[in-house]
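Numbering of residues begins at 1 and proceeds along the displayed sequence. The shown structure was predicted, so the numbers you read here are calculated from the model rather than taken from an experiment.
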Amino acid sequence: MAAPPARRQYIPRIIDAELTELLAGLGAVMIQGAKAIGKTATAQRHAARTVRLDRGAVADVVRADPAGAIREPFPVFFDEWQRVPAILDEVRTRIDDDPRPGLAILAGSAEPPKAARPTHTGAGRIVTRRMRPLTLSERLLPADGRHADGRDTVSVAALLRGTRPAVRGASPWGLADYAREIVASGFPAIRPLPPRLRAAQLEGYVEHLVTREVEEANGAAANPATVRRWLTAYAAATATTTSLEKLRDVATAGDGTTPAKTTVLRYRDALERLFIYDPVPAWKPGGTALSRLGEAPKIHLVDPGLSAHLLGVDEGALMDGAMPPLVEAVPAVRDGGLFGALFESLVAQSLRTYAQAADAAHHYVRTHGGEREVDGLLVRWDHRCVAYEVKLAGAVGSDDVRHLRWLRDHLGDVVLDAVVIHTGPEAYRRREDGIAVVPAAMLVP
């Protein structure tokens, strides 16, 4: 008899520390995020008992008696809670009656359809945390969860304190390493696989998404071929603010099958409820220092590896500067072409997790006509921010910081710090303006 496969080693996650802290003081925590990002493995490390609501028989029992499912030992973990939406009401009620912390963890890979949603959101009683695929710092963690001795890092939390910390050191990563990590994806079970098996797993992920999950999230029939084209159009428009109308043109590629606007809006909303479509919202600071700012979100899928798979590009194609026809059809200025867009998506994926750990929001800013754009802003509770630009380059010059300087000139001390995130080896602060220059692989929470 063949030996059973070895159990995959758990990769420590940034959200682990958040869960430990929250469960020590609050009744329940909800983890939201797409399938296969590691929610179950992480939640089980913090739970005393697991209830798998994605298993029909278990869901039937809980549906018949949701109150009876909330029992010791605590915390009890309800996986895929949206399968039995009534459990959210029961957890809320239990917290009202029993103020002890750490009663429950809920995890879901989709929001339930409107008709099936619970009568109460849980707001004020259940705190929600978003989980995304592996960040670059999580991918670089050794097995013990601590950074290796001698590895140079730059802390996002330190940048957000506004003390302009020293930035120095070097990263061993080069351009090829970032290309590798883009196509590897941040899905913990997929990225270690050989390229052919990884492609097969990603294809299975997409097929399940377009044939089953979008339809379930919509609560209505969906055309798998149309959903896939729509999803691929999003991948082609990564890191742009391409309009809905242009995305429809890209998705149909002139084949005469343009779906109605109401249909594509349903698909978009379903992909967002499944946490697959993961746009970065525009930032509109108060006051009059900045005017005529764009409001359209910047397009990203949950993982650039998923985008690369949908577009049919691998590591070699990125290094060769490939631009698939679908990408060329998107009217947008792209630093570094498709590779640059997917690199920006990889950076945004990581920084959104780092920002959450520091209780900051993640946005971008762009003038209405596109003359000025700052790739990302990490915004504190007091609306002060760290602004960053992403460059697919090994060296940073004056032209690469002009938008950061523009923002700082207009907002003054609202901008706590400014950073250019690049693919080169060195981290430092520019003498001319104090802007930090940091390799993406050196950033940590």
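In this structure, the side chain of R352 does not engage the main chain of H362 through any donor-acceptor pair within 3.5 Å. Using modelled atom types, no side-chain atom of S345 and backbone atom of A341 make a donor-acceptor pair closer than 3.5 Å. Using a distance-only test at 3.5 Å, with no hydrogens or angles considered, a donor-acceptor pair links the side chain of T238 to the main chain of A235. No donor-acceptor pair under 3.5 Å is formed between the side chain of Y205 and the backbone N or O of A200. Side-chain N or O atoms of R380 include none that pairs as donor or acceptor with a backbone N or O of D359 at under 3.5 Å. Put simply, the side chain of E138 gets close to the backbone of T135: a donor and an acceptor are under 3.5 Å apart. A distance-only check finds no donor-acceptor pair linking the side chain of R366 to the backbone of A282 [under 3.5 Å]. The backbone N or O of V302 sits less than 3.5 Å from a side-chain atom of Q349, completing a donor-acceptor pair. Listed for the D375 side chain is a donor-acceptor partner under 3.5 Å among the backbone atoms of V390. Not one N or O on the side chain of H300 forms a donor-acceptor pair closer than 3.5 Å with the backbone of P304.
Of the inter-residue distances, the one linking L26 atom CG with R100 atom CZ reads 15.0 Å to the nearest 0.5 angstrom. Between atom CG of residue D152 and atom CD of residue E426 there is a gap of 11.0 Å, rounded to the nearest 0.5 Å. Residue E18 holds its CD atom at 9.5 Å from CD1 of I31, rounded to the nearest 0.5 Å. The CG atom of D16 sits 11.5 Å away from the CD1 atom of I11 when rounded to the nearest 0.5 Å. To the nearest 0.5 Å, atom CD1 of residue I15 and atom CG of residue L22 are 8.5 Å apart. The OG1 atom of T163 sits 8.0 Å away from atom CG of D417, with the distance rounded to the nearest 0.5 Å.
With contacts defined as side-chain heavy-atom distances shorter than 4.5 Å, the pair P285/L290 qualifies. L274 is not listed as a side-chain neighbour of S109, based on a closest heavy-atom distance of 4.5 Å or more. M30 places a side-chain heavy atom less than 4.5 Å from the side chain of L88. Side-chain contact between Y428 and V396 is present, with at least one heavy-atom pair separated by less than 4.5 Å. At a threshold of 4.5 Å between non-hydrogen side-chain atoms, the residues L378 and C385 do not count as touching. Residues L106 and I87 are in side-chain contact: their nearest non-hydrogen atoms beyond the backbone lie under 4.5 Å apart. Inter-residue side-chain proximity for R71 and R49 is flagged as met; some heavy-atom pair is nearer than 4.5 Å. Between I421 and K391 there is no side-chain heavy-atom pair separated by less than 4.5 Å.
The residues K298 and E373 are annotated as salt-bridged, a charged nitrogen and a carboxylate oxygen being separated by less than 4.0 angstrom. Using a cut-off of 4.0 Å between Lys/Arg side-chain N and Asp/Glu carboxylate O, D303 and R132 are scored as not salt-bridged. Ionic pairing of E80 and K35 is present here: one or more N-O contacts between side-chain nitrogen and carboxylate oxygen are shorter than 4.0 angstrom. With respect to the salt-bridge test (charged N to carboxylate O, under 4.0 angstrom), the residues R198 and E315 do not qualify. With respect to E216 and R212, a salt bridge is recorded, a charged nitrogen being found less than 4.0 Å from a carboxylate O. Under a 4.0 Å N-O distance rule, the pair R92/D97 does not qualify as a salt bridge. Ion pairing between E213 and R273 fails under the 4.0 Å rule for side-chain N and carboxylate O.
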Would you please test V444 and V156 for side-chain contact (heavy atoms from CB on, under 4.5 Å) and show each step?
-> CA-CA 6 Å; V444 298; V156 167; over 6 Å; no

Dump the intermediate steps for side-chain contact (heavy atoms from CB on, under 4.5 Å) on I126 and V91, then the final yes or no.
-> CA-CA 8 Å; I126 303 171; V91 170; 3.9 Å; yes

I would like to know whether V76 and L103 meet side-chain contact (heavy atoms from CB on, under 4.5 Å); could you show each step before the answer?
-> CA-CA 6 Å; V76 56; L103 285 171; over 6 Å; no

Take M131 and R13 through the test side-chain contact (heavy atoms from CB on, under 4.5 Å) and record every step on the way to the result.
-> CA-CA 9 Å; M131 193 170 176; R13 307 300 295 269; 3.4 Å; yes

Going through the checks in order, is the side chain to side chain donor-acceptor pair (under 3.5 Å) test met by S137 and Y354?
-> CA-CA 10 Å; S137 70; Y354 305 160; 3.1 Å; yes

Review item, side-chain donor-acceptor pairs of residues 52-60, under 3.5 Å, at least two apart:
| from | atom 1 | to | atom 2 | distance (Å) |
| --- | --- | --- | --- | --- |
| R52 | NE | D54 | OD1 | 3.1 |
| R52 | NE | D79 | OD2 | 3.3 |
| R52 | NH2 | D54 | OD2 | 2.9 |
| D60 | OD1 | R63 | NH1 | 3.0 |

Side-chain atoms of residues 166-188: list all donor-acceptor pairs with protein atoms under 3.5 Å, sequence neighbours left out, distances to 0.1 Å.
| from | atom 1 | to | atom 2 | distance (Å) |
| --- | --- | --- | --- | --- |
| S171 | OG | W173 | N | 3.1 |
| D177 | OD1 | R180 | NH1 | 2.7 |
| D177 | OD2 | G174 | N | 2.7 |
| Y178 | OH | A440 | N | 3.4 |
| Y178 | OH | A441 | N | 3.0 |
| E181 | OE1 | R139 | NH1 | 2.7 |
| E181 | OE1 | R191 | NH2 | 2.7 |
| E181 | OE2 | R191 | NH2 | 2.8 |
| S185 | OG | F187 | N | 3.3 |

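Taking every heavy atom of both residues into account, L247 and A233 meet most closely at CD2-O, 3.6 Å. Considering all non-hydrogen atoms of both residues, A28 and I95 come closest at CB-CD1, 3.7 Å. Across every non-hydrogen atom of L318 and F339, the tightest pair is O-CD1, 3.3 Å. Counting all heavy atoms, side chain and backbone alike, L311 lies closest to P324 at O-CG, 4.0 Å. Nearest heavy-atom pair, L159 versus V386, reported as atom, atom and distance to 0.1 Å: O-CG2, 3.5 Å. The two residues S350 and L136 make their nearest non-hydrogen contact at OG-N, 3.0 Å.
When each of Y234, Y267, W230 is checked for a ring pair (Phe, Tyr, Trp, His ring centres under 6.0 Å) with Y277, only Y234 meets the rule.
Judged by the 6.0 Å distance and 45° axis criteria, R130 is not positioned over the aromatic ring of F275.
Shown here is E272, whose CD atom has more than 12 heavy atoms of other residues, nucleotides or ligands within 6.0 Å. Within a 6.0 Å radius of NE2 in H383, no more than 12 heavy atoms belonging to other residues, nucleotides or ligands are found. Residue E203 qualifies as enclosed at atom CD: its count of foreign heavy atoms under 6.0 Å is above 12.
For the residue pair D314 and H309, no side-chain donor N or O sits within less than 3.5 Å of a side-chain acceptor on the partner.
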